[in-house]
Amino acid sequence: MHDARLIRERLDELREAMRRRGALEALDPQLDRCELLERQRRSLLQAVEERKAARNATSQEVARQKRAGGDAADLVATARALGEEIGQLDAELATVEREFDGILLEIPNMTLADVPAGDESNNIIVREWGTPRSSDGVRPHWEIAAAQGLFDLERGAKLSGSGFIVYRKKGARLVRALMNYFVDSHVDRHGYEEVWAPSIVNRSSMIGTGQLPKFENDAYRIAEDDLFLIPTAEVPVTNLYRDETVDGQLLPMAFCAYSPCFRREAGSAGKDTRGILRVHQFDKVELVRYAVPEDSEAQLAALLGHAEAMLRGLGLPYRVKLLAAGDTGFSSAKTYDLEVWASGVGAWLEVSSCSNFTDFQARRANIRFKPSKTEKPRFVHTVNGSGLAFPRTIAAILEHYQRPDGSVEVPEVLRPYVGTDRLV
RNA sequence: GGACAGGUGGCUGAGCGGUUGAAAGCACCGGUCUCGAAAACCGGCGUACCCGCAAGGGUAUCGUGAGUUCGAAUCUCACCCUGUCCGCCA
């Protein structure tokens, strides 16, 4: 969420930011409306506060006179009249604020200066690592998996519906291996605090990180309790310090959490849905960092490096893509996608999305820090990214490491976890 | 799920419906003292928003939301959360 002052003082800047996202046309009427509401809000606020001040003074006078044994009937009448006015003005103010906040909650973050403007055709490949394997003679992961019995899509569909997978045998083992390899690496080598958080969160948490209110349809909701299945561990982990002020000396803070992720993927049927590329439930290890504003870009670079280290460790060729403003997520100010090369599918698959959210989430979730004993609290910057998402990583492994005999070589770093050097 | 108890400022902890933004203590900040520190003493010390160039002024805030009242931390209702006990259970 943006600072309401932005609407009053830097609306042009906000407009330009929306233009860079290609969202200005859609949002311009809302911004105009916001500007009007902001003015109305202030004038109503002044009017109502003036009357409240008068009422407070009158009430004090009533108290004084009653103590003196007097009759304050006329004062009480004045105060009551003020009270009625206040009631009306307060109601108007509430209406204006509700609409204002409603709009503000649905305006995306402003991207940083070095993010290219425009749609995804303006994305920039920042770097590539490794040598993509030729697709010649490489079978797609779903064929290999079927041959080896690694996952069971049919029975997943029977249990839950399409888009739910049952991993079996070495497939299941591979999931567990990735979980341990990723978490161990980030905790032991990259200095993250290990976190194991709830997979179900409340509405406030979802608003805090920006999933709500705009994207409620994308989440699984437990209506009875108004709770949501998390689409990523980013939600519970970022919200750990919601409505808190942390000691500035503790920044940066770094958290690493494995979690299942649940996504309705409403409206995305048919898009990259083959095999395990887009499913309703998958597993992911998430990295989250809290930073001092001046340091958030450095923290993003560090986090990106930690995610990249996983792909290098696995020996999977990948590239780093800086997303253009129009391709950058709602809450993000800057995002790098990590894409792994899947030779069987013949495509680059997104396995991580590393973002700097600046103070956008912190303002929503009210996460602040005190720079020093004497300074006022400021909003932290939040940074996060996958390190990594499992299904596409598994797809890439199966394809990159497949051998002519149909078996799959287990990446060196996973062998201790998988227990073998070949999936047969 | 049931029965009690309780939610006050960074912490502990007072608070007859009327100068209570809220006693007191601790913590913290500034100062005096000291070679320095501690102790002692003096002063300060929440947050958000509005008006104002500023000085300053105003409003709100005692779990959340409604309500009663001229006036609510104090009364009423609903909800949320915490603790204890019972039930159930991996």
Side-chain angles (χ1 to χ4, degrees), chain A residues 1-10 34-105 196-208 212 221-228 236 239-251 260 359-360 362-380:
Chain A
M1 179 156 71
H2 298 289
D3 188 345
R5 266 181 299 232
L6 197 59
I7 300 292
R8 197 199 321 174
E9 295 166 4
R10 291 154 58 205
C34 253
E35 191 182 19
L36 175 69
L37 290 168
E38 204 282 326
R39 277 202 304 272
Q40 288 181 344
R41 184 181 75 90
R42 268 186 301 148
S43 87
L44 281 168
L45 200 59
Q46 282 171 48
V48 76
E49 288 189 352
E50 186 185 305
R51 284 161 182 76
K52 280 180 178 172
R55 182 182 63 183
N56 287 348
T58 309
S59 289
Q60 294 293 341
E61 188 54 28
V62 170
R64 209 167 292 127
Q65 294 206 5
K66 290 213 167 168
R67 250 198 313 275
D71 169 42
D74 51 336
L75 285 176
V76 169
T78 329
R80 182 181 293 139
L82 280 168
E84 278 164 24
E85 262 191 282
I86 289 168
Q88 275 185 14
L89 289 168
D90 259 342
E92 282 181 59
L93 182 62
T95 307
V96 167
E97 287 190 327
R98 207 171 7 250
E99 187 184 351
F100 182 74
D101 291 344
I103 294 175
L104 212 55
L105 277 172
W196 194 282
S199 301
I200 296 176
V201 297
N202 59 27
R203 184 170 285 274
S204 298
S205 296
M206 291 287 276
I207 290 173
L212 262 47
R221 173 168 173 240
I222 298 164
E224 178 90 8
D225 302 296
D226 200 33
L227 295 171
F228 298 83
N239 276 282
L240 275 178
Y241 288 87
R242 169 154 52 82
D243 291 322
E244 292 189 43
T245 301
V246 303
D247 179 357
Q249 303 300 309
L250 299 177
L251 297 176
D359 62 1
F360 191 83
R363 181 170 278 111
R364 287 175 162 249
N366 189 27
I367 306 165
R368 297 180 297 170
F369 74 100
K370 224 166 152 51
S372 69
K373 294 286 186 194
T374 52
E375 288 172 278
K376 292 202 144 245
R378 302 171 65 194
F379 288 113
V380 303

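What's counted below: heavy atoms across the whole structure, side chains too, no hydrogens, waters or symmetry copies. Every chain is numbered from 1 and lettered A, B, ... according to where its sequence line falls, protein lines coming before strand lines.
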Pairing partner of B/rG30, by Watson-Crick or G-U wobble and under 3.5 Å for both distances, is B/rC42
The reported gap from CZ in A/Phe100 to CG in A/Leu105 (rounded to nearest 0.5 angstrom) is 10.5 Å
How far does the C1' atom of B/rG83 sit from the matching atom of B/rC45, given to the nearest Å? 32 Å
Chain A vs RNA chain B, heavy-atom contacts under 4.0 Å, first-to-last nucleotide span, 5' to 3', is B/rG18 to B/rG71
Mate of B/rG1 across any strand shown (Watson-Crick or G-U wobble, both atom pairs under 3.5 Å) is B/rC86
Checking N1-N3 plus N6-O4 or O6-N4 for Watson-Crick, or N1-O2 and O6-N3 for wobble, each under 3.5 Å, the partner of B/rG17 is none
By the Watson-Crick or G-U definition, both distances under 3.5 Å, B/rU12 is matched with B/rA24
Result for 5'-nearest mapping on RNA chain B, choosing between A/Ala57 and A/Leu75, is A/Ala57
Paired to B/rU68 by Watson-Crick or G-U wobble criteria (both distances under 3.5 Å) is none
- P atoms of B/rG87 and B/rG2, separation to the nearest Å: 16 Å
**Prompt:** P atom, B/rU61 versus B/rA72: distance in rounded Å?
**Reply:** 8 Å
Charged N to carboxylate O below 4.0 Å: is that the case for A/Asp101 and A/Arg41?
no
* Worked verdict on A/Gln88 versus A/Glu84 for side chain to side chain contact (heavy atoms under 4.5 Å, CB included) -> CA-CA 6 Å; A/Gln88 275 185 14; A/Glu84 278 164 24; over 6 Å; no
Subject >> Integer angstrom distance from the C1' of B/rG63 to that of B/rC88 >> reply: 29 Å
Give me the distance, rounded to whole Å, that separates B/rA66 from B/rA54 when you measure between the P atoms they each carry.
33 Å
Across every strand shown, the nucleotide meeting Watson-Crick or G-U wobble geometry with B/rG6 (both distances under 3.5 Å) is B/rC81
- Task: Tell me what A/Leu45 touches on the nucleic acid: a base, only sugar-phosphate, or nothing, going by heavy atoms under 4.0 Å.
- Result: sugar-phosphate
* To do: In whole angstrom, give me the gap between the C1' atoms of B/rU59 and B/rG71.
  => 16 Å
- Task: Kindly say whether A/Ile207 contributes a backbone atom to a donor-acceptor pair with the side chain of A/Arg364 at under 3.5 angstrom?
- Result: yes
* Within the structure shown, what part of the strands sits under 4.0 Å from A/Arg55 by heavy-atom distance: base, sugar-phosphate, or nothing? -> sugar-phosphate
In terms of side-chain geometry, is the basic nitrogen of A/Lys52 or A/Glu49 positioned less than 4.0 Å from the acidic oxygen of its partner?
-> no
- Message: Taking any heavy-atom pair under 4.0 Å as a contact, classify A/Arg51: base, sugar-phosphate, or nothing.
- Response: nothing
Is a side-chain donor or acceptor of A/Arg51 paired with a backbone partner of A/Ala47 at a separation under 3.5 angstrom?
-> yes
Pairing partner of B/rA60, by Watson-Crick or G-U wobble and under 3.5 Å for both distances, is B/rU47
Counting any heavy atom closer than 4.0 Å, what does A/Ala63 reach on the DNA or RNA strands: base, sugar-phosphate only, or nothing? base
Tested for side-chain contact (heavy atoms from CB on, under 4.5 Å) against A/Leu44, the lone hit among A/Glu92, A/Arg39, A/Glu97 is A/Glu92
* To do: For A/Lys66, report the nucleic acid contact type (base, sugar-phosphate, nothing); a contact means any heavy atom under 4.0 Å.
  => base
Exercise for review: Quote, to the nearest angstrom, the C1' distance that separates B/rG46 from B/rG36.
Suggested key: 34 Å
The answer to which of A/Gln46 and A/Ala77 contacts RNA chain B further toward the 5' end, by nearest nucleotide, is A/Gln46
Let me have the donor-acceptor pairs involving side chains of residues 74-82 of chain A, under 3.5 Å, with sequence neighbours excluded, atom names and distances please.
| residue | atom | partner | partner atom | Å |
| --- | --- | --- | --- | --- |
| A/Thr78 | OG1 | A/Asp74 | O | 2.7 |

- Could you measure between the two C1' atoms, the one in B/rG15 and the one in B/rU20, and give it in whole Å? 8 Å
